[in-house]
Structures are given as structure tokens and as C-alpha cells.
Amino acid sequence: MTDGARSATPPGLTPREVATHCPYCALQCGMTLREGDTGVTVHPRQFPTNRGGLCQKGWTAAELLDHPDRLTTPLVRDPGTDTLRPASWDTALDRVVAGIRAVQADAGRDAVAVFGGGGLTNEKAYALGKFARIGLRTRHIDYNGRFCMSSAAAAGMRAFGIDRGLPFPLADLGRADTLLLVGANPAETMPPLVRWLTEQRGNGGKLIVVDPRVTATARQADLHLQPLPGTDLAVANALLHIALTEGWVDRAYVAERTTGFDAVRRGVAAWWPARAEQLSGVPVADLEATARALGTGGRVIILTARGAEQHAKGVDTVTAYVNLALALGLPGRDGSGYGCLTGQGNGQGGREHGQKADQLPGYRKIDDPAAREHVAGVWGVPADELPGPGVPAYQLLDALGTPGGPRALLVFGSNPVVSAPRAARIEGRLRDLDLLVVADMLLSETAALADVVLPTAQWAEEDGTMTNLEGRVLRRRALRPPPPGVRTDLAIIADLAARLAVAEEPTAQPAGTAPANAGPVGAVPANGRPAAVAAARFPAAPATVFAELRRASAGGAADYAGISWDRIDENDGVYWPCPTEDGPDTPRLFVDRFATPDGRARFHPVDHRPAAEQVCATYPLHFTTGRVLAQYQSGTQTRRVAALRRAAPEAFVELHPDLAARLGIDDGDPVRVTSRRGEFRAPARLSAGIRPDTVFAPFHYAGAERANSVTNDAVDPISGMPEFKICAVRVEKA
């Protein structure tokens, strides 16, 4: 057997199987897991997103279920030896509760913070946001999805009034006459999606890729634009300039369905193609060919991804491409539109239900009085006791352990020691905390710093829902229970809430009245059953949590009220918004109107501005980061899978041969990359597919190979997205 990973299964066990989805990217490929005498095997299944395909990561996903590095008991740091040692659940959770209570008693409720992840199920993301707001009553919660799609989300909200990565089914990609991918490399980040690109080109469509590197995706393109990192906005404005000049703007659509076009038209008048070429390096002829393909194609789709979004001007860059799409009359038209390729497995659902610093379930704004009343009513607390907005992820992490900043942090499903920009600084912030608690299935680099580590269930050991890049809500099904000693995140949250309630000083109240909210989880009722009250507020059963999520999201932008697990099972998923059980879901948004008060989309004038950090004599090169096929995110999981480790065992620094020659570097030489913030080391990999003024490295690796040691922590003022994709560095042989 070579297609699936094995796990030890007692001889004679009745074979079991379950239809579920891959634990990795937002494509959420359908797969079947089977467990029998030979172990757990992975089998692809026919599902609309992957049509029977899986990438190497999906094929090997089950290998982690019984990996020798798997955590199966809580760990608590011994103050005498400063090492983590095994402990009972009671000991570990009591340590967490005591630490939270001490910090909040000394420095207030906001002295405790929560950091979540874009891979958590909808149920866990919802419960985590709820726990932060009424369990801990802190405003400080955010998640690593802030580093993923936040710029596209903010741009979508201000243009369309709603944020859904793809506002149309994924299958539309295969029908497009022209498909423009900006800063996207799905051939390595989500390989099964390439089937749609192949279909698109097979149908006679044109594929255009904008990327500073000749990636595996760019090699399949009919036209590849190779701009200087950080100049995508200038390229977009030049494309709209050409469309205006050539008469390709859909004037009727603009007049009937949008507002604000005149200001954009005046702004892009200054972006003649020669100016954009001088700034970006993209030839005028390529800009004109791209604009022609977009302006004269029948079905046209524009997609952005991290390459365009992970900048301190990421929101404006995405807005420029949205402006282009609106001017061409694409959004809401059959087979056309603007979309964003979501990265993490539940990057879409993870931000809809309360993990973001400024949001409540259903994509409601936490400072909206009506939203607060609705959600507080579902949670059974007064609206005025919900905390206000927190701060975005990087600002939160950078404030840890500083005067006035949080002194305790609970981390679920994230590894900021590797994934955060200026990572050495964030590692130092984590070390400065009074209490660091990490819930994870493996000892990540962040968990290794923790005071308490709580072992959690894996994807094949718990039920729940995920929302993929199309806004399609899917069912994740458990093949088997977690190993002895391991709990689900929902069970951990419920237990912590119960213990915090018990720890709260009882407050008497008249018999028969509902408990008021005071202390970390509310006042204890006079009947002396605080733990029961907390458990009722924080159930551990995913189905129960999802039922509550439906009520909390009802009427919001991301309305799940009409989505039931049964309905998902019957229909290969359900697209939100879906407000009623007997009404339709919404595979295609914007057909008749946009989600704005007047139903019209909003143009926003945006202009190019330089990267936050410019090259100079000391740091003369542009540095950018990205992913490789065999690894995923911070590598906590994939670096432990044997086949993936063999395929991509170490980081590398990609340089153009001309640059390498000037620096005296040969292929394979160890090199050091240094910025104003730090350095990392990795072997050189020479490639003519990268610009001579730019170097690239993957960000999946830790220790001396940690690329995020050098990345810039400047952030977008609207989205809070850090500038991962460009900073100034020098490179030298190590």
C-alpha cells in the first residue's frame, strides 16, 4: 500500500470508512478514510472541488494520526528545571485557570489574550470567540488568518459589502475565456485546482499570471507578467487606464450597478502604460495584451492571492483589481467576476464567526449595537458586557508582555514563532509572558515555549464543519475517537469555562432568575451549580455548537441559519448565505445586487505607493516569501511526514544566476540572508525564473532556516496585514 499512511489497528477490527475532507488548504478536497487491519488509508473521492484528485499532502495526511511525535498527555513547565513534563489534565487545567485568574486580578481582563487559527472548524472558531468574549471577557482575540486573507476581505467588504473568497463556484474557472491570476501559484499551493486551469486552456481560454517568479503556475500561462514585488497596484491601474483608452469599460454596468467611478477614472488617467513599465518592469506590450484579453473576452475572471495581498498596501492593491473587474462589468455576470484564493483550510469560515478582533458571529461588526444585541441574546448575556474591538494579530503579538499589553496568551491551532513576521521579536514577546498556553497535537516551536501544552484531537477524530474557498460549508467526519489522554478543542474550552466559573466568587441572586454575568464567565447562581452553567454555555458536542452558531449568525452577512448537517450531507455542501432551511443557498453572489445598502458596488480610488522598506546600499535586494508543494504553513505537520520531508527537506534561497555570479555564490552554497530585523541561513538555489534584483525563500521552516526572521512587520492600516512579500535584504555566502 503506497497511497495512504498506516496506523496501528488491532487485528480483527471491523473495517470502517468515512467520507471527509483533506485537513490542509481551502480547496478542501473530498477524500474517504478507511481503517482496518492494515491501518488508516486515504482514498480520493469525487467531489466538486477536486474531482477525485489529491496532492501529496492529502495522500499522506493520515500519517500523522499515530505519529511518534503525537502529543497524548498534557505538559506543564517545571519551574525548577524550566522543562516541560507530563501532567494530568486536572493539574494542567488548574495551572491554566490559576494563571488566568492571577493575571486578570492583577492587570484586568484584557491582560489575557487568545490567538486562534484558520484551520479550526467553524464550531471551534465560534466557541473560541465566544470563550474570549464571555468566558474571559477580554477584547484581545485574533487569529493567524489575519496573515492570510485579511487584505482581500477588507477590500471585498468596502467594494461589495460582503467578504467571500470566491463569490461564484470554482467550476467557473474552467469556463473562463480569460483568467488572470495575480500573486497566485495554485500549482504548488493547491495542486488539484490546476485541473480547472487545464480545462480552461483546453476550452481555448487564455491564462495570464502576474508573479515576480516563473512559478509552476506561471510556466502553464499563455502570458506571464513578472513585476517587481510590491508594484501590482501600479499594474492594475495601468490595465484600467488601457481599458478606458480602448473603450472596453462597460459603461452601462458602471452606471446601473456601481458608484464612485469618476474618481477612479480620474486617478488612473495618470497611469499610462509606460509609467507602469518604468516602475514595475512589465513591458507595455504585455500590459496592452493583458488589458485586451480582459476587455474583449466573453467570460473573464480576475483572482488575487497572497502575492498581491501580503503588503502594507494590500487592501489598496486588491481594490485596484476590484476596480478593474467592476469597470469591465464582471462581478455577478455568469462565468465572470473577481475572487480571492483563500489559503488555509478554514480561512473563510474561521473569520466569519468571531475569531477576528473586530467581529462577532455571522461576520457582524463588534461595535455595531444591533449586532451586539443579537449575539448577546443568543449567548444569554447583556450586550453592554461584551468587550469592544481588539487589535489585529501582529499588534496583539507585539504587545505581549509589554507594559499595558497582555500578560497571558492562549493559542489554539497556530504557530506564530514560525509564521509571524519579524519572528524573533515575536518569539521574545512570547517568552516575556506570565502564562503561555498552547493547544496542539504536536510540539510546535510555539508549544515548546509554553507553560502548559494541551494535546488536542486531529481532523479525523472529531466532527465539524469547514467553509472552503467558494463559501461552501462542508462536513468533516470523525473516523475514530481521539487516543486516550487527548481531548478536542471544544472539550478543552468547555472545561476551562467550567473551571473559571467555579473559581469565581459566588454571587447570590433570587431563586428562579437567570444568572447575571460577572467575573470571567458570569456570576455563579445561588443554587451552587456554576460548572453546570458554564458547561451549558460552552457545550463540547460539535453538533450542539453548530446549532447555536446558526442562531448567532442568523441575519448576518455570513448567514448560516438555514444550513444543517443533514442538508450539507444531501447536497455536497451548502453555500452561504443561506437564511432558511427550506430556501435556496447562494452559489453565485451579486447576480441582482451587491450587499450594500443601495445594492451598488463601490469604486475606491487607490494609488501606488512604495513598499514600507526600500533597498539601499546596505540592503540592496528585494526579498519575498512563499510556499512549496510538499510543505504547508509553518510546517508543524508536514515537516514530520516522511514523504514530504524527503521531497522538501530544507529551506532554500532562490537567486538569479547573474546575481549569484556577482556575489560569488554557486548552486547549493550555504548563504545568509540579512535584513534590518534579523537573518536566516539556507542553501542557494539558482534559477533563471526569478528577477535578478529579487530573492525568494519558503517560509515553512524553523530555527536557523526561518525566513520570517527577516520579513517586515509593517502592516496595512486597514487590514492589519503585515508586509510579508517584500523587504530589503543583503545576501552573502555563509
Side-chain angles (χ1 to χ4, degrees), residues 5 7-8 23 40 61-78 83-100 114-117 119-121 123-125 127-128 131 143-144 345 408-418 430 433 435-464 476 478-500 538 540-542 545 632-641 702:
S7 72
V40 177
E63 184 172 320
L64 290 169
L65 293 174
D66 295 289
H67 196 279
D69 289 351
R70 178 83 188 266
L71 297 175
T72 57
T73 186
L75 304 174
V76 174
R77 189 165 298 280
D78 185 329
T83 58
L84 290 169
R85 58 174 176 79
S88 69
W89 274 97
D90 282 340
T91 298
L93 294 176
D94 285 347
R95 173 91 170 258
V96 175
V97 170
I100 290 171
V114 177
F115 198 76
L120 301 180
T121 63
E123 292 79 7
K124 292 191 284 189
L128 198 60
F131 176 67
Y143 82 128
N144 64 13
L409 179 69
L410 281 65
V411 179
F412 286 77
S414 188
N415 186 18
V417 167
V418 176
L430 293 169
L433 288 167
L435 176 69
L436 174 60
V437 181
V438 176
D440 210 327
M441 60 185 179
L442 297 159
L443 194 68
S444 69
E445 286 75 16
T446 302
L449 303 180
D451 298 289
V452 180
V453 181
L454 304 174
T456 60
Q458 291 197 46
W459 58 290
E461 299 164 350
E462 57 183 349
D463 292 319
R476 176 177 283 180
L479 174 71
R480 66 187 198 185
V486 174
R487 299 184 182 181
T488 67
D489 289 318
L490 289 178
I492 293 170
I493 292 169
D495 203 340
L496 283 174
R499 289 167 186 265
L500 285 164
F538 295 94
V545 177
Y632 181 73
Q633 299 301 92
S634 70
T636 301
Q637 298 174 71
T638 50
R639 283 188 276 120
R640 287 176 166 86
V641 176

Trainee: Restricting to side-chain hydrogen bond (donor to acceptor under 3.5 Å, both in side chains), what partner residues turn up for R85, sequence neighbours left out?
Mentor: none
Trainee: Sort and list the pairs that fulfil side-chain hydrogen bond (donor to acceptor under 3.5 Å, both in side chains) and have at least one residue in residues 445-456, not counting sequence neighbours.
Mentor: N415-E445, N415-T446, E445-R639
Trainee: Check side-chain contact (heavy atoms from CB on, under 4.5 Å) between Q633 and all other residues, then give those that pass, not counting sequence neighbours.
Mentor: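 Q633 satisfies side-chain contact (heavy atoms from CB on, under 4.5 Å) with Q344, R627, F699 once adjacent residues are dropped.
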Trainee: Considering all heavy atoms of both residues, which atom of A497 and which atom of F538 are nearest to each other, and what is their separation?
Mentor: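 The answer is CB-CD1, 3.4 Å.
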Trainee: Return a table of donor-acceptor pairs under 3.5 angstrom between the side chains of residues 436-443 and protein atoms on other chains or two or more places apart.
Mentor:
none

Trainee: Suppose we screen for side-chain contact (heavy atoms from CB on, under 4.5 Å). Which residues come up paired with E462, at least two apart in sequence or across chains?
Mentor: K124, A457, T488
Trainee: Which atom pair, heavy atoms only, marks the closest approach of P483 to R70?
Mentor: CD-NH2, 3.6 Å
Trainee: Pair V411, L430 - check side chain to side chain contact (heavy atoms under 4.5 Å, CB included), show working.
Mentor: CA-CA 11 Å; V411 179; L430 293 169; 5.5 Å; no
Trainee: Donor-acceptor pair, distance only, cut-off 3.5 Å: does the side chain of Q458 make one with the backbone of L64?
Mentor: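 The answer is yes, because a donor-acceptor pair under 3.5 Å joins these two groups.
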Trainee: Applying ring-ring contact (aromatic ring centres under 6.0 Å, His included), can you list everything that pairs with F115, at least two apart in sequence or on another chain?
Mentor: none
Trainee: Once side-chain hydrogen bond (donor to acceptor under 3.5 Å, both in side chains) is applied, do any residues pair with S88, and if so which ones, sequence neighbours excluded?
Mentor: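 T91.
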Trainee: Go through it in stages, so that I can follow the logic: the residues are L454 and D489, the test is side chain to side chain contact (heavy atoms under 4.5 Å, CB included), and I'd like the CA-CA distance, side-chain angles, deciding distance and then a yes or no.
Mentor: CA-CA 9 Å; L454 304 174; D489 289 318; over 6 Å; no
Trainee: Applying side-chain contact (heavy atoms from CB on, under 4.5 Å), name anything that partners A408, two or more places apart in sequence or on another chain.
Mentor: V103, V112, L435
Trainee: Not counting sequence neighbours, which residues clear side-chain contact (heavy atoms from CB on, under 4.5 Å) with A125? List them please.
Mentor: Q355
Trainee: With sequence neighbours excluded, tell me which residues meet salt bridge (charged side-chain N to carboxylate O under 4.0 Å, His left out) with D495.
Mentor: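 Per chain and number, D495 pairs via salt bridge (charged side-chain N to carboxylate O under 4.0 Å, His left out) with R487, R499.
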Trainee: Go through the steps to decide whether F131 and L410 satisfy the test side chain to side chain contact (heavy atoms under 4.5 Å, CB included), and finish with yes or no.
Mentor: CA-CA 11 Å; F131 176 67; L410 281 65; 4.0 Å; yes
Trainee: Residues in side-chain hydrogen bond (donor to acceptor under 3.5 Å, both in side chains) with D78, at least two apart?
Mentor: none
